[in-house]
Amino acid sequence: MKEFELEQATNFKNLDKVLITSTEVNRPGLQLVGYLEHFGKDRIQIIGNMETSYLATLTPEERYARLDAFFKAGFPCIVVARKLEVFQEMIDVAHKYNIPVLRTDRTTSRFLSALISYLNVKLGPMGTWHGGLVEVYGEGILILGESGVGKSETALELVKRGHRLVADDLVEITKVSEKTLVGEAPEIIRHFIEIRGVGILDVRRLYGVGAVKNKENIDLVIRLENWNKEKNYERLGLVEEYETILELKVPRLTIPVRPGRNLAIIVEVAAMNHRQKKMGYNAAEIMKERVIQRINENKGLEDEN
């Protein structure tokens, strides 16, 4: 109600007791004419101009009977869009079955799309990851790694270079669609960062509101690990790695950490390179094509000789 500035058309005091568990929303059409088979009882119901116009064609007795059968089926609440008139019969049956009737001044389609997006964020599958989340050149970078590897220090250096902190230490990740993950910090540690030897820092107070962000899509995972000379690290960028988060695969880079490496610059470059790839340009593939072309040209010269 706060998010969408909804007003009550009924007088219910225990709105916080209403449980909403589904991201699906319904505009009752057939339900208002009495067909209630396969009706999703867990969905918020939306009444718009079309439904209101239909109800206005009925007599008060018919309207009460149709609404009584509809409300009797049960659902969390109903929202009347466009600040349309709420029929007295609707208020009466709402009180009868203890179902809140709310109202918004937004158009039906705009409210519907905004509500679905909001519910996807609030009710989507969620998990907590130990790491940091920063926005770098518009890309959401999730930084993972063992404790003490330098995740927080890297995030702080990125903030100093003009990028934005979303979360440090713990990242709450929500799957808002089949392609999108959104990360944010738990409210209790939002905008705070811990630096060993210094303590807790309030990034918002130190660097201003432009240095923090509450939520961000996760576009790339960067996993930091201590340098292992026995391990062969990717040097060309031709092999794609992925991190599976809430059953979604997110592109991943593994960055070895050792003295002398500027991790903040590496993350910046990784973010820009990932953005280029999304736009259709892959530097590693271009170089590969050039090498193959040069080999073919040399082979052609050898055949001529």
Side-chain angles (χ1 to χ4, degrees), residues 127-175 179-186 189 191-196 201 203 207 211-229 231-279 281-285:
T128 302
W129 268 254
H130 180 67
L133 180 59
V134 287
E135 183 210 58
V136 181
Y137 297 127
E139 300 290 301
I141 310 297
L142 178 65
I143 304 175
L144 302 178
E146 296 295 327
S147 179
V149 77
K151 299 185 296 295
S152 297
E153 290 79 0
T154 302
L156 185 61
E157 178 64 21
L158 287 166
V159 168
K160 186 180 176 183
R161 295 174 67 87
H163 307 292
R164 294 195 283 183
L165 175 75
V166 181
D168 175 61
D169 194 42
L170 290 177
V171 185
E172 292 181 344
I173 301 176
T174 304
K175 181 181 177 182
K179 293 183 178 180
T180 306
L181 297 170
V182 172
E184 62 181 323
I189 61 170
H191 305 155
F192 288 96
I193 193 168
E194 179 206 350
I195 301 297
R196 282 178 172 80
L201 305 175
V203 172
Y207 294 96
V212 296
K213 192 173 183 180
N214 288 343
K215 297 179 181 179
E216 180 59 47
N217 290 354
I218 296 175
D219 302 296
L220 177 66
V221 173
I222 290 182
R223 183 171 287 278
L224 303 180
E225 64 175 47
N226 291 314
W227 187 287
N228 182 357
K229 63 181 181 180
K231 183 175 179 178
N232 292 321
Y233 294 99
E234 178 64 24
R235 301 186 65 178
L236 299 179
L238 291 172
V239 178
E240 296 288 342
E241 293 183 351
Y242 294 93
E243 186 87 14
T244 300
I245 300 175
L246 297 175
E247 299 182 350
L248 288 185
K249 293 172 66 177
V250 183
R252 180 187 67 201
L253 298 176
T254 300
I255 307 297
V257 177
R258 69 175 180 180
R261 302 202 87 196
N262 191 320
L263 295 178
I265 290 179
I266 293 173
V267 173
E268 283 184 334
V269 171
M272 288 189 287
N273 191 52
H274 181 70
R275 197 169 186 176
Q276 277 194 333
K277 287 181 178 180
K278 291 197 298 185
M279 297 172 68
Y281 180 85
N282 189 325
E285 291 291 344

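What's counted below: heavy atoms across the whole structure, side chains too, no hydrogens, waters or symmetry copies.
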Over all atoms of both residues, closest heavy-atom pair of [X] and [Y]:
{"X": "Leu144", "Y": "His130", "value": "CD2-O, 3.6 Å"}
{"X": "Tyr137", "Y": "Arg275", "value": "O-NH1, 2.5 Å"}
{"X": "Glu135", "Y": "Val166", "value": "N-CG2, 4.4 Å"}
{"X": "Ala264", "Y": "Arg161", "value": "CB-CD, 3.9 Å"}
{"X": "Asp219", "Y": "Pro251", "value": "O-CD, 3.8 Å"}
{"X": "Gly183", "Y": "Val171", "value": "CA-CG1, 4.1 Å"}

Walk me through whether Ile189 and Asp168 qualify under side-chain contact (heavy atoms from CB on, under 4.5 Å).
CA-CA 8 Å; Ile189 61 170; Asp168 175 61; over 6 Å; no
Using the six-membered ring wherever Trp is involved, compare the ring planes of Tyr233 and Trp227 and label them parallel, tilted or perpendicular (cut-offs 30° and 60°).
tilted
[atom2] on [Y] to [atom1] on [X], rounded to 0.5 Å:
{"X": "Glu172", "Y": "Thr128", "atom1": "CD", "atom2": "OG1", "value": "5.0 Å"}
{"X": "Thr244", "Y": "Arg252", "atom1": "OG1", "atom2": "CZ", "value": "8.5 Å"}
{"X": "Thr174", "Y": "Ile245", "atom1": "OG1", "atom2": "CD1", "value": "12.0 Å"}
{"X": "Thr154", "Y": "Ile265", "atom1": "OG1", "atom2": "CD1", "value": "11.5 Å"}
{"X": "Ile255", "Y": "Ile266", "atom1": "CD1", "atom2": "CD1", "value": "6.0 Å"}
{"X": "Glu194", "Y": "Glu153", "atom1": "CD", "atom2": "CD", "value": "9.0 Å"}

Assess the residue pair Glu240 and Lys277 against the criterion (salt bridge (charged side-chain N to carboxylate O under 4.0 Å, His left out)); give the C-alpha distance rounded to whole Å, side-chain angles, the decisive distance to 0.1 Å, and a yes or no.
CA-CA 12 Å; Glu240 296 288 342; Lys277 287 181 178 180; 3.7 Å; yes
Answer whether the closest heavy-atom distance between the side chains of Arg261 and Pro256 falls below 4.5 Å.
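SC-SC contact between Arg261 and Pro256 confirmed.
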Given side chains that start at C-beta, do those of His191 and Asn214 come closer than 4.5 Å, heavy atoms only?
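Counting from C-beta outward, His191 and Asn214 do come under 4.5 Å.
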The test is salt bridge (charged side-chain N to carboxylate O under 4.0 Å, His left out); show your working for Lys231 and Glu225 and say whether it passes.
CA-CA 11 Å; Lys231 183 175 179 178; Glu225 64 175 47; 3.0 Å; yes
Determine, stepwise, if the pair Arg164 / Val212 fulfils side-chain contact (heavy atoms from CB on, under 4.5 Å).
CA-CA 5 Å; Arg164 294 195 283 183; Val212 296; 5.9 Å; no
In this structure, which one of Ile222, Ile173, Val134 forms a side chain to side chain contact (heavy atoms under 4.5 Å, CB included) with Leu142?
Ile173
Under the side chain to side chain contact (heavy atoms under 4.5 Å, CB included) test against Glu139, which residue among Lys278, Met272, His163 passes?
Lys278
Dump the intermediate steps for side-chain contact (heavy atoms from CB on, under 4.5 Å) on Tyr207 and Leu201, then the final yes or no.
CA-CA 10 Å; Tyr207 294 96; Leu201 305 175; over 6 Å; no
For Tyr281, ring-ring contact (aromatic ring centres under 6.0 Å, His included) partners two or more places apart
none
Given Val136 and Glu268, is the side-chain contact (heavy atoms from CB on, under 4.5 Å) satisfied, shown in steps?
CA-CA 6 Å; Val136 181; Glu268 283 184 334; 4.1 Å; yes
Return yes if a side-chain donor-acceptor contact under 3.5 Å exists between Thr180 and Asn217, otherwise no.
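The answer is no; no qualifying pair exists.
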For the side chain of Lys151 and the backbone of Gly145, is there at least one donor-acceptor N/O pair under 3.5 Å apart?
yes
